[in-house]
Amino acid sequence: MQIDFGTTNRVIGIDLGTTNSLAAFMDLTGPKIIPGSDGDKLVPSVVSINPRLPNRDREGVGALTSGEIVVGNAARELLLTQPERTVYSVKRLMGRGLEDIQEELKLFPFHIAPGSEAVLQLQLGDRTYTPPEISAFVLRQLKQNAEAYFGEPVTQAVITVPAYFNDAQRQATKDAGRIAGLDVLRLVNEPTAASLAYGLDKRENGIVAVYDLGGGTFDISILKLHDGIFEVLATNGDTHLGGDDIDNLLLRIALEDVQSEWGEDLSRDSEGVQRLRRAVIQAKERLSFVPFTFIELEYHGNKYHREIKRDLFDKLILPIVNRTLGPCRNCIKDAGVTVDQIDEVVMVGGSTRIPLVLSAVENLFRAAPHTELNPDEVVALGAAVQAGILSGEVQDKLLLDVTPLSLGIEIMGGVVSKLIHRNSTIPASATETFTTGVDGQRNVLIHVVQGERELVIDNRSLARFDLKDIDPMPAGFARIEVRFLIDANGILNVTARDVRTGAEHSVDVKPSYGLTDEQVEKMIQDSVEKAEQDFEERQVREARVEADTILAAVEKARRHDAYFELSDEERAAIDKAVNELLLVYHADDHNLIKQKIEQLNQVTHKLAENMMNTAVRGALKGTKI
Ligand code: ADP
Ligand code: MG
């Protein structure tokens, strides 16, 4: 039986976080968080793959069944019993190549599948999964929560991404949405979403600083707001700084306590450590609201009970909090603003509930930050506002975003020609015409790069593709039109067209997120090396064309009367020069060929004069006939 749910254009907003994910929607009164079936709003971004049951396979259930995939709180529990099958912080791996994440991998208990050089794959039990596939499990959970909540299917979403996410990371996030059965209508920068949740888009203009301290990452962004457009002026941060650092610090102290009280090294007992970690986190989170609390653990008949006061806690975490301040100052500097020019400060991320964090931010920005909304919900709420705009629930709001980095293509000499400059409002498009560098060239390699530097090698390589079957022409004659289009999600599409034949080759740029940095680097290096080779080759070919011309002219002159008027020595000199030119003709050395052409030119000078044959004389001078 088919159930008709009726048509709905409900769009949900999703904060796909490193530590926690959550979804929100827009109702008549504003954005609201969608709770999960357990009442929890936050879904830990953890996915665990249970071993498949053999009898299921025998029954021919090829697809994964729900019992095999565990997401959220339950998956977090499994970190203990099956760490090698349990993935957390997968956001760090999205859109990255193997080489990008060598440092990250050292911290992860799960394994990378062999052959991951092309496309990163996580080996979880006997199956492999790409990071977008893992993220999709989290998204699917959020989708299910929303469907249970509304009692109808939900197929459309807005997902947030860090402002610094590049094209590949954005594309990977979109892929995750698609795998989860969600039509991702828009990707929104997290700081933009946070600003939207606070309704800051209602300001005519202004500068907004968004301070985001989550579980494992710290991001600071400075946005400029003008006429409803959020422009990312600068971003900074630390990809390994957050609540986890505080947890580890407290855990270390608690482990030492336990050692001295119980005379037992709990650090070797992974279940014990995990339970103590839980106790430490609970104490930390309570301490944001009360002046003192207890870290408590009962384990194997032993009891640990320790009071911790806010004062001591603050002293302990001060170095961690201070580590956020340098990136803030750099960000302000990069944005080209002064502290006084910043109109609003927005607090994002669960760790900003800590009073010491709040006062540090207040001191730095000399202003009271926005803390009215829950800091771990504010990004999802903002995503819901954007979702409301897209579904038509919220009107009279124009929301645009900007591209954080310039986009361009490689041109001769390994130099970048930028088509779309950073901070262009998106959607954006740009068209430029290029030409070929080699005679009769039938293919051109379009190399798409992202970044601010002048040389290709210093930028990020996004994609390469061949524009084939172009009309072969002398160098510099072909006209290749390249069009860049960034859609509203910041995703790039490149089209190349041979203007002469009118043949358009529309190519969807597949970002190179499957490639390792090493490969990308090698590709770039190769291209530069080949560019040199090509140039060398071209010079050799040009020299040979010149040699052909003069040899043909000399051959022709040998039948001319003027040739017989030369002395024997003069004719011998010509023969010698011709032979010497023929000897070097196939050498890959254009200088040598040129030198012998010049020698032949000199010994045939008198002959040419005598012939008074302009065509031959022209030929002898190396001009093409
Ligand atoms: P992310 O954006 O990295 O996915 P969140 O914004 O959800 O993460 O932040 C998670 C972090 O916030 C965790 O380290 C958690 O312990 C911390 N956190 C949550 N609530 C509090 C609180 N009341 N006091 C201190 N830290 C908190
Ligand atoms: Mg976050």
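Just follow the structure's listing: the first ligand is 1, and inside any ligand the first atom is 1. Worth knowing before you read on, the calculation uses all heavy atoms, side chains too, and leaves out hydrogens, waters and symmetry mates. Only a predicted model underlies this, so the values are computations on that prediction, with no experimental measurement involved.
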- [ ] May I ask you to decide whether Lys309 forms a salt bridge with Asp314, counting only side-chain N to carboxylate O separations under 4.0 Å?
- [x] no
Task: Heteroatom distance test (Thr217, ligand 1): nitrogen or oxygen, under 3.5 angstrom - done: no
Task: Any donor-acceptor pair under 3.5 Å from Asn248 side chain to Asp244 backbone - done: yes
Open item on the list: Show me which atoms of ligand 1 lie under 4.0 Å from any heavy atom of Lys284.
Closed with: 14 (O), 15 (C), 16 (O), 17 (C), 26 (N)
Task: Carboxylate-amine/guanidinium contact Arg278 Glu271, below 4.0 Å - done: no
- [ ] Indicate the ring-plane relationship of Phe110 and Phe108, choosing parallel, tilted or perpendicular according to the 30° and 60° boundaries.
- [x] parallel
Open item on the list: Ring centroids only, cut at 6.0 angstrom: are Phe150 and Phe25 within range, meaning strictly under it?
Closed with: yes
TODO: State the atoms of ligand 1, each with its element, that fall below the 4.0 Å cut-off from a heavy-atom position in Gly349.
DONE: 6 (O)
TODO: Could you find the nearest protein heavy atom to atom 27 (C) of ligand 1 and give me its residue, atom name and distance?
DONE: Gly350 O, 3.3 Å
Task: Top protein contact for atom 24 (N) of ligand 1, by heavy-atom distance - done: Ser288 OG, 2.6 Å
TODO: Any atoms of ligand 1 less than 4.0 Å from a non-hydrogen atom of Ile354? List them with their elements.
DONE: 25 (C)
- [ ] Measure the distances from the heavy atoms of Ser351 to every atom of ligand 1 and state whether one is below 4.0 angstrom.
- [x] yes
Open item on the list: Could you go through His305 and Glu296, starting from their C-alpha distance and side-chain angles, then the distance that decides it, and tell me whether this counts as side chain to side chain donor-acceptor pair (under 3.5 Å)?
Closed with: CA-CA 5 Å; His305 183 85; Glu296 286 169 306; 3.1 Å; yes
Open item on the list: Tell me if the centroids of the rings in Tyr211 and Phe218 come within less than 6.0 Å of each other.
Closed with: yes
TODO: With heavy atoms only and a cut-off of under 4.0 Å, state how Arg353 meets ligand 1: side chain, backbone, both or neither.
DONE: side chain
Open item on the list: Can you report which non-hydrogen protein atom sits closest to atom 15 (C) of ligand 1, along with the distance?
Closed with: Glu285 OE2, 3.2 Å
TODO: With heavy atoms of Gly243 as the reference, note each atom of ligand 1 found under 4.0 Å away.
DONE: 14 (O)
- [ ] Identify the protein heavy atom lying closest to atom 2 (O) of ligand 1, giving its residue, its atom name and the separation to 0.1 Å.
- [x] Gly214 CA, 4.2 Å
Task: Distance from atom 3 (O) of ligand 1 to nearest protein heavy atom, with residue and atom - done: Thr19 OG1, 2.9 Å
TODO: Measure across Val339 and Phe365 and return the closest heavy-atom pair with its distance rounded to 0.1 Å.
DONE: CG1-O, 3.5 Å
- [ ] Return the residue, atom name and 0.1 Å-rounded distance of the protein heavy atom closest to atom 7 (O) of ligand 1.
- [x] Asn20 ND2, 2.8 Å
Task: Atom indices of ligand 1, in the order listed, that fall short of 4.0 Å to a heavy atom of Phe289 - done: 23 (N)
Task: Electrostatic pair Arg268-Asp265, nearest N-O below 4.0 angstrom - done: yes
TODO: May I ask you to say whether Glu344 pairs ionically with Arg203, meaning some side-chain N is under 4.0 Å from a carboxylate O?
DONE: yes
Open item on the list: Nearest non-hydrogen contact with atom 11 (C) of ligand 1 belongs to which option: Gly17, Pro162, Gly215?
Closed with: Gly215
